[in-house]
Amino acid sequence: MKILVVGSGGREHALAWKLAQSERVQTIFVAPGNGGTASDIRLENISLTDPTELAEFALKEQIGLTVVGPEVPLAAGIVNIFRDRGLKIFGPTKEAAQLESSKDFAKAFMQRHAIPTAEYKTFSELAAAHEYIESKGAPIVIKADGLAAGKGVVVAMSLDEAHAAIDMMLSDNKLGDAGARVVIEEFLAGEEASFIVMVDGKNVLPLATSQDHKRLKDKDEGPNTGGMGAYSPAPIVTPQLHARVMREIINPTVQGMAKDGIVFTGFLYAGLMIDEHGNPKTLEFNCRMGDPETQPIMARLKTDLVQVMEHAVNGTLDSVELEWDRRTAMGVVMAAAGYPDTPRKGDRITGIPAETAECVTFHAGTALIDKQLSVTGGRVLCVVGLGDTVKLAQKHAYETVEKIHFDGAQYRRDIGWRAMNRKH
Ligand code: AMP
Ligand code: GLY
């Protein structure tokens with residue numbers, strides 16, 4: 001079978017890497033891919049990004065399955081476009097993708113279906129938003145309604161910060177249309193976890209749990225990023241909590257969408273905040289896999305992903321049982337100088353070792369030009385170590401990170417600290 005993976009990040013490299021392990025695969029095209037997918041002889045990059053052009057390509061090449069990584073093509077309706085042409089694709093329709101592409105849609109949906117989340121109100125008018133903030137006090141969270149590539153959320157610890165965030169979005173239009181409406185919500189304290197499932201329209205298949213590290217610097221300091229590292233499993237998600245999240249958040253979401261007339265298919269990612277008593281609330285929905293969560297999750301998946309995807313597009317996920325490597329997988333992101341605001345491009349990358357049973361390096365912002373790898377974007381690599389303990393997984397990841405070089409590389413030294421500190 002020929003497969004198409006849409007996207008160019010570490011998530012897509014990890015998905016393509018895992019799909020390529022299946023004996024059923026003839027060729028995997030990655031659109032547009034990166035330096036890592038270009039270097040893998042089982043994968044072939046194609047320089048297309050427009051959803052309609054991709055559908056034409058899929059028809060011409062008789063692609064049997066398409067898997068979409070990022071949110072932007074999903075929100076643009078790539079799944080609708082492919083299905084209209086009779087092509088098999090795994091992802092949510094444009095309508096279902098609103099769970100991620102509009103925070104207001106997601107919040108109203110959660111409220112309507114009694115799914116636990118922070119209290120909120122939506123504004124498009126400046127004065128009313130400022131007044132609401134004054135009445136609620138800080139800390140408080142301001143979110144742009146639309147997709148803003150990870151820049152749309154301000155966790156304001158003071159009223160000054162909150163007012164500035166409102167001005168930035170509603171008055172200075174710094175986020176364009178995405179920030180023309182804002183959701184203002186209650187600040188939630190606790191520990192975050194990423195809860196990702198596959199949905200085929202009716203059946204739900206949970207993937208292994210994971211935890212991301214959003215801040216740039218050690219000890220969770222510095223600016224928010226797309227994610228500086230992730231590991232799987234996340235010990236905070238105990239079997240009891242897992243059952244509760246399925247019962248209180250995931251199942252009501254899939255059923256609630258259906259009740260509202262929208263069949264959900266694709267990956268569904270609930271970003272959870274778990275309070276000190278172990279109660280989960282939904283911070284956000286994504287309608288795709290997480291990046292970098294995908295990298296450690298794929299490194300642990302033992303089941304043939306092509307087979308799983310086929311069940312997903314055929315509506316038979318209830319017949320799948322996933323098998324996981326029992327080890328912990330830990331992904332450490334190496335980012336470019338200047339990330340997240342002004343990532344520097346062009347630095348040469350050297351020293352990436354070959355994959356072993358204990359470590360695999362996924363590419364994101366890289367390109368392969370004349371056999372030379374160079375930096376092309378913010379998050380450059382994600383080095384995933386595997387080990388029987390969290391500590392061992394961490395050791396394997398960092399041993400490899402230290403062998404890799406590009407000027408100005410930034411990475412956190414403490415990925416996995418919450419799991420390391422945890423008393424079992
Ligand atoms: P989101 O894109 O909505 O997940 O927000 C990005 C990050 O902002 C989350 O991963 C949290 O770290 C933080 N955040 C979002 N909403 C809240 C909230 N209500 N309370 C505290 N932190 C939040
Ligand atoms: N790592 C967070 C995300 O993919 O949204």
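When a ligand or atom number is given, it counts from 1 through the structure's own listing order. Because only heavy atoms are used, hydrogens play no part in the values below, and waters and symmetry mates are left out as well, while side chains stay in.
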**Q.** Arg300 with Asp325: basic N within carboxylate O range, under 4.0 Å
**A.** no
**Q.** Contact residues of ligand 2 (heavy atom under 4.0 Å), by chain and number
**A.** Asp212, Lys214, Gly226, Tyr269, Asn286, Arg288, Gly290, Asp291, Pro292, Glu293
Q | N or O contact, Leu188 vs ligand 1, cut-off under 3.5 Å | A | yes
Q: Could you tell me whether Lys403 and Glu399 make a salt bridge, using a distance below 4.0 angstrom between a side-chain N and a carboxylate O?
A: no
Q. For the rings on Phe285 and Tyr269, is their centre-to-centre separation under 6.0 Å?
A. no
Q) Looking only at side chains, do Asp167 and His130 share a donor and an acceptor under 3.5 Å apart? A) yes
Q. More than 12 heavy atoms of other residues, nucleotides or ligands under 6.0 Å from CG of Asp50: is that the case?
A. yes
Q) Could Arg112 and Asp260 be called an ion pair, given the rule that one side-chain N must be under 4.0 Å from one carboxylate O? A) yes
Q | Single hit among Arg181, Lys107, Lys103 for salt bridge (charged side-chain N to carboxylate O under 4.0 Å, His left out) with Asp145 | A | Arg181
Q.
Under a 4.0 angstrom heavy-atom cut-off, which atoms of ligand 1 come close to Lys103?
A. 1 (P), 2 (O), 3 (O)
Q) In the protein, which heavy atom is nearest to atom 19 (N) of ligand 1, and how far is it? A) Glu185 OE2, 2.7 Å
**Q.** N or O contact, Asn224 vs ligand 1, cut-off under 3.5 Å
**A.** no
Q: Could you tell me the residue and atom name of the protein heavy atom closest to atom 17 (C) of ligand 1, and the distance to it rounded to 0.1 Å?
A: Leu283 CD2, 3.4 Å
Q | Side-chain ion pair, Glu119 and Lys136, N-O less than 4.0 Å | A | yes
Q) Of all the non-hydrogen atoms in the protein, which one sits nearest to atom 2 (O) of ligand 1, and at what distance? A) Glu284 OE1, 3.1 Å
Q: Among all protein heavy atoms, pick the one closest to atom 14 (N) of ligand 1 and tell me residue, atom and distance.
A: Val155 CG2, 3.9 Å
Q) Which one holds for Glu192 and ligand 1: side chain close, backbone close, both close, or neither close, with close meaning a heavy atom under 4.0 Å? A) side chain
Q) For atom 16 (N) of ligand 1, what is the nearest protein heavy atom, given as residue, atom name and distance? A) Lys143 NZ, 3.0 Å
Q: For the residue pair Arg327 and Ser232, confirm or rule out a side-chain donor-acceptor distance under 3.5 Å.
A: no
Q) Are the side chain of Arg215 and the backbone of Gly222 linked by a donor-acceptor contact shorter than 3.5 Å? A) yes
Q. With sequence neighbours left out, what residues match His405 under ring pair (Phe, Tyr, Trp, His ring centres under 6.0 Å)?
A. none
**Q.** Protein residue, atom and distance nearest to atom 7 (C) of ligand 1, heavy-atom basis
**A.** Val153 CG1, 4.3 Å
Q) Should the proximity of Val141 to ligand 1, defined as any heavy atom under 4.0 Å, be assigned to the side chain, the backbone, both, or neither? A) side chain
